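Heads up: the structure comes next, in structure tokens.
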Amino acid sequence: MEIYRDGDLQAFDQLFNRFKDILYRYLARQTGNFAIAEEIFQETWAALIKHRKNYTVKAKFKTYLFHIAHNKLIDFYRSKQNTKSDIVSYDEQQDEMIIEEQSNKSIEHHADVQSKYNHLLTLLEKLPAAQRDVFLMHEEAGMTLVEIAEVMSVSRDTVKSRLRYALQRLRSGMRRFA
Amino acid sequence: MNDKTQISDEDIEQYLNGETDLSATYAEEKDLKAPEHLAFAIKRMAREAENNPPNNERPVVRKDVWLVPLSIAATVIITVSLVFFVDFQNIDETNQIAKKDIDTAPQALPLPQDGVTPPQQTASVEDTIVLQPETQKTETIPAIKTKPMQQTDTRLPRESVSEKPAPTLQSPTQSTLQVAEEPTDFELPPHLRDMMQSTNAGAQNEVLPAEVLKTWTRQQWQTQVSTLYKAGKDKLAEQYIKLYPEYYPGETLTKP
């Protein structure tokens, strides 16, 4: 990133090729909508390009990139919340019982035709956005709790708590499916 | 992770180390990739930003444009304030000097010479009357007590009040003596003084009254005669030349 900041476009190409798929999957799984994911994906890279001159080495580039993407996601959830969209807010905690009922229905529906992976994705979509964020950042970008805490601007304990709830629900859903 | 309600720290550690089924399941299929058209658009965006930096950055000078009218306004306000301040200060100083002269003038008055103790200025008229002879009441007391500096006293020379001491408290006899011995202290009545001041020698056709002439200095006489000659009024000028020895005995005026 420092090389790109100094004007080397090849450095940007290397960064982009290395992180584009990771970031895109993270956004797609997080929003559950490819169109929205593409929009936020483009906004994230545009912001990085625009503010390249202000970049300072404080953490890994991966953390910097996901921090921008995370903020874009927050903006997206807030805008949808203001327009009373069907998409739930970022911090909204869905009722656990509702998730379980939906999970059971999805098991019945997908048991014969879809793989275990698709069922995991279905369970993932039902998680609260903040918990899903933690899970996806670890799975897609391989981030530690500390790095995720930096991206989300929260404490490590908060990240750990969110991960605990996420694993708990995913584990519960996958056990019934198995 | 035995139960859905029991996720221990060890379970979390196992998950973070990739030792759980969840991670394995999620990693089975990762064929979802960013669309090529998006990748192309973003790379083009990066090139355009690199090749055209001035278009994306505002000139630094624009940030300070608002300072210009502010500076002008501040300069005008300060200048106008200073001008008014200086003017008012001069007026105040003038007023203070005048007031100071008025206040201090009576204190510089000479003491009376005839042994009569002057009454205090704060003393009432009745108190003073007791000390004075009955015939002198109206001549001395009111002039000092009521208007010491503004009174029109014909015996004072026509000069600024601040340069001359205010009328002193004197006995009537002394006042009379002073008038007789010092004719130069005589001051014309206002109507005569105005007439004298407005006198245009060139427009005169007859000699001015003796009351006026006796206040003239030698220079005034000389000026009057010269002016009349210049105006072509030779006869009138000669009359002044004849009158001159009456006011300055033993001296003569020369024809210019």
Side-chain angles (χ1 to χ4, degrees), chain A residues 4 7-9 12-13 15-17 19-25 27-29 34 37-39 41-42 44-46 48-50 52-53 96 100 115-121 123-124 135-136 138-140 142-145 160-161 163-176 178, chain B residues 1-68 70-71:
Chain A
Y4 167 58
D8 190 345
L9 278 172
F12 175 80
D13 290 343
L15 285 172
F16 182 75
N17 292 332
F19 290 100
K20 65 182 174 68
D21 294 334
I22 296 172
L23 182 65
Y24 182 75
R25 274 198 299 275
L27 294 171
R29 300 294 181 224
F34 288 115
E38 288 182 11
E39 183 182 340
F41 179 80
Q42 198 163 357
T44 301
W45 286 105
L48 186 139
I49 292 167
K50 183 179 179 181
R52 66 190 183 281
K53 299 296 184 186
E96 193 171 347
E100 286 190 20
S115 68
K116 193 177 178 180
Y117 172 76
N118 288 335
H119 179 64
L120 177 60
L121 294 184
L123 291 173
L124 203 57
F135 180 84
L136 288 173
H138 173 70
E139 290 296 336
E140 293 292 348
M143 289 184 180
T144 64
L145 293 178
K160 190 175 181 180
S161 174
L163 181 61
R164 189 190 303 276
Y165 281 115
L167 293 177
Q168 181 176 302
R169 292 176 179 185
L170 293 174
R171 171 75 176 169
S172 175
M174 293 302 289
R175 188 178 60 181
R176 288 169 181 263
Chain B
M1 291 188 281
N2 298 325
D3 189 82
K4 70 171 186 177
T5 58
Q6 294 179 351
I7 300 293
S8 64
D9 289 347
E10 290 182 1
D11 294 332
I12 293 174
E13 286 299 322
Q14 284 182 359
Y15 167 74
L16 291 173
N17 293 330
E19 299 171 357
T20 60
D21 290 340
L22 280 176
S23 295
T25 304
Y26 189 83
E28 282 178 2
E29 191 175 358
K30 286 190 177 179
D31 57 350
L32 183 60
K33 294 183 178 178
E36 286 300 320
H37 70 277
L38 265 184
F40 178 77
I42 290 169
K43 286 182 179 178
R44 187 180 60 186
M45 189 191 307
R47 288 189 193 89
E48 288 177 355
E50 198 63 39
N51 295 331
N52 305 313
N55 294 335
N56 299 329
E57 297 173 3
R58 296 175 63 187
V60 179
V61 180
R62 289 179 60 90
K63 293 179 181 177
D64 299 334
V65 165
W66 61 273
L67 284 174
V68 175
L70 183 65
S71 303

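Because the structure is a prediction, the values reported are computed rather than measured. All chains are named by letter (A, B, ...) in the order of the sequence lines, taking the proteins before the strands, and each is independently numbered beginning at 1. For the numbers below, each heavy atom of this structure counts, side chains included, while hydrogens, waters and symmetry mates do not.
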A/H138 and B/L16 have their tightest heavy-atom pair at CE1-O, 3.3 Å
Is any NZ, NE, NH1 or NH2 atom of the basic residue among A/R164 and B/D9 found under 4.0 Å from an Asp or Glu carboxylate oxygen of the other? yes
Side-chain contact, heavy-atom cut-off 4.5 Å: B/E48 with A/I49? no
How far apart are the closest heavy atoms of A/D21 and B/A34, and which atoms are they? OD1-N, 2.9 Å
Between A/L145 and chain B, which part of the residue has a heavy atom less than 4.5 Å away: side chain, backbone, both or neither? side chain
Out of curiosity, A/Q42 CD to B/M45 CE, how far, rounded to the nearest 0.5 Å? 5.0 Å
Which residues pass the side chain to side chain contact (heavy atoms under 4.5 Å, CB included) test with A/S161, sequence neighbours left out? A/Y165
Could you work out, with side chain to side chain contact (heavy atoms under 4.5 Å, CB included) as the rule, every residue matching A/A166, not counting sequence neighbours? A/L127, A/Q131
May I have the step-by-step check of side-chain contact (heavy atoms from CB on, under 4.5 Å) for B/Y15 and A/R171, ending in yes or no? CA-CA 11 Å; B/Y15 167 74; A/R171 171 75 176 169; over 6 Å; no
Do the non-hydrogen side-chain atoms of B/P35 and A/F41 ever get within less than 4.5 Å of each other? no
Shortest non-hydrogen pair, B/K43 vs A/F12, comes out as CA-CE2, 4.2 Å
With a 4.5 angstrom heavy-atom cut-off, which part of A/A28 approaches chain B: side chain, backbone, both or neither? side chain
Side chain, backbone, both or neither: which part of A/L23 has a non-hydrogen atom closer than 4.5 Å to chain B? neither
Output the option from A/L121, A/L163, A/L170 having the highest count of non-hydrogen pairs under 4.5 Å with chain B. A/L163
Do A/E38 and B/H37 have side chains that approach each other closer than 4.5 Å (heavy atoms only, starting at C-beta)? yes
